[in-house]
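Only this structure's heavy atoms are used, side chains among them; waters, hydrogens and symmetry mates stay out.
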Amino acid sequence: MWPFRRVLRLIWWILTGLTLLSLPLVVWDFIRKGYGVKYNAWFVGGIFVILSFPISVYEVAMHTEYYTRPRLQKHVIRILWMVPIYAVDAWFALRFRDAREYLDPIRECYEAFVIWSFFAYLMAYLEDEKGDVEVYLSFKPPMKHFPPFKWLLKPWPMGRSFLLQTKKGVMNYVILRPITTAIALITDQYDLYGQGHFDYRKSYIYLSLVTNFSQLWALYCLAQLYWVCHNELQPIRPLSKFICIKAVVFLTFWQSIILAVLVSSGVITDESWSTYDQLGVATGIQDFLICIEMFVAALAHAYAFPPRDYMDVGTDPGKGFIYNVRHMFDLRDVVYHMGEVVESHADTVHHTANAALNVPKQAMKHAAKGFKAAVHAPESLLHYLTSDGSKRPGRSKSSAPASELHDEERGNQSGEEEPNGWRGRQPGVSRTAGEDERLPLLPFEPVNQSEQFTSTTNPGASIPMTEGTMREPPVDRSFLLPVAERQLLITHAATDPGLADSLGTSSRRRGSID
């Protein structure tokens, strides 16, 4: 004997077939009797809503009765409610056109909620089957983005980063959709919305761009998750489910955009056969088409989300119908994930703000150091050029007077300390037989007393470097002066013998200053 639910399904199919067959005859009779177009639209749209409503309610009731996998079926039921909410909302907006601006936000916000529910449905299945999804995905290779995003974005690292990016992409639409809807309502009250008109002085074009991009990005993130885990998700046939949701959400939105373009271009006008104005005709067509499309969507949802997938023999059907209904409408999971995404955005904004505030601080520090160096540069340069030649780093032994060379070498042979900033042969290093009798003196910079170096004359000897010991010769930068500045110094040298002697010594080192 058939179950009672199968009898109801058979009766529904018979009534639906008879209704669809008789509908053209009824419409023809309305036209013959002189009924207006809007009355025909109300009647035909209402018939399709009545036919689609029992399909979705039956599917929801069956899932609630066989509530064997609550974490999955909770999201399935939320998706199935999309059809009756869309259908009823569209028919009331078609019948009561003055209430459309208050009815459409309900449909638009639930649209975003459905996209999130599908994402949560996929994640719940992966968690039930694979456990920690973050760890599981971390072993997968990074996936490249689809065009055109692959030319703009780097591949997301698999694991926690990938899941966070996809979750943020979907949840952003859930957050933005009510905000844009509220802005549309507020601007419409002050005649600043301009629905259907692409006027840069109105908010419609900007809100449409934001909504469209956010919706596309949410669907793209869903596609990314499906593509990465399509093998793991194969048992639940995710492709048919994704197409159903994408068709309802994506096509209905672009349908409204196309109708707005047709109104703006003058293709749709306020005809004499209608009491609607030009914009009312476009929105009326949109609502009428949604009433018909939801009948097709109800059949598609019944195929993509069948209750038989959860009618396993021997499984616990749940804690009762009332509890299952309460669990179905429990939205704490949505609030939790929304708070997580908002917190992530807040952290990003905080780090970005700190980085932006640190840029001026670092720039001011560098500017202060540069200004201080620029102030002291002329004084340091003049001191460098007028200092005693024997104490100036960079003065080679070949340019020193012969008497100074003789005294200096004699001091080294007698064990006297060399002038500060100079080093000849290091103490304690013996000269080998093949070395020259006299080694040139090289200027070196001071180094830390605890450091050691290896003698060039005796590579095997490690010699402690005392505080007076130098490391590398500094470069004589006096020849880097521009010619104009050197000419100025020569002019001052006429009255300053010390400066003249310094310039003469520098000239002998590099030749003529010209």
Consider only side-chain N and O atoms of [X] and [Y], and report whether a donor and an acceptor are under 3.5 Å apart.
X: Arg100; Y: Thr283; answer: yes
X: Glu232; Y: Tyr125; answer: no
X: Tyr86; Y: Glu293; answer: no
X: Gln224; Y: Thr166; answer: no

Heavy-atom distance under 4.5 Å between the side chains of [X] and [Y], does that happen here?
X: Asn212; Y: Trp254; result: yes
X: Leu209; Y: Tyr204; result: no
X: Val248; Y: Met82; result: yes
X: Gln73; Y: Thr68; result: yes
X: Leu164; Y: Trp156; result: no
X: Glu129; Y: Leu126; result: no
X: Val114; Y: Phe119; result: no
X: Ile85; Y: Arg107; result: no

Does atom [atom1] of [X] have more than 12 heavy-atom neighbours, drawn from other residues, nucleotides or ligands, at distances under 6.0 Å?
X: Arg71; atom1: CZ; result: yes
X: Arg32; atom1: CZ; result: yes
X: Tyr206; atom1: OH; result: yes
X: Lys144; atom1: NZ; result: no

Under the side chain to side chain contact (heavy atoms under 4.5 Å, CB included) test, which residues partner Pro84, sequence neighbours left out?
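Side chain to side chain contact (heavy atoms under 4.5 Å, CB included) check on Pro84 returns Phe53, Ser56, Trp81.
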
Within 45° of the ring axis of Trp91 and under 6.0 Å from its six-membered ring centre, is that where the NZ or CZ of Arg95 lies?
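No, Arg95 does not lie over the aromatic ring of Trp91.
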
Under 6.0 Å from the six-membered ring centre of Phe305 and within 45° of its axis: does the NZ or CZ of Lys241 meet both?
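Positive - Lys241 is close enough to the ring of Phe305 and near enough to its axis.
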
If the threshold is 4.0 Å, N to carboxylate O, is there a salt bridge linking Arg69 and Asp309?
no

Quick one: OG on Ser138 to CE on Met158, what's the gap to the nearest 0.5 Å?
9.0 Å

From Glu108 CD over to Thr181 OG1, what is the distance, rounded to the nearest 0.5 angstrom?
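One finds 4.5 Å between CD of Glu108 and OG1 of Thr181.
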
Look only at the side chain of [X] and the backbone of [Y], and say whether a donor-acceptor pair between them is shorter than 3.5 Å.
X: Gln286; Y: Thr252; answer: yes
X: Ser240; Y: Arg237; answer: yes
X: Tyr220; Y: His145; answer: no
X: Asn172; Y: Lys168; answer: yes
X: Thr187; Y: Ile183; answer: yes

With ring centroids as reference points, do Tyr39 and Trp42 lie under 6.0 angstrom apart?
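Close enough - the centres of the two rings lie under 6.0 Å apart.
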
With a 6.0 Å cut-off on the ring centroids, do His75 and Phe118 count as close?
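No.
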
Give me the atom names and distance for the closest heavy-atom approach of Ala184 to Tyr193.
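Closest approach of Ala184 to Tyr193: CB-CE1, 3.5 Å.
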
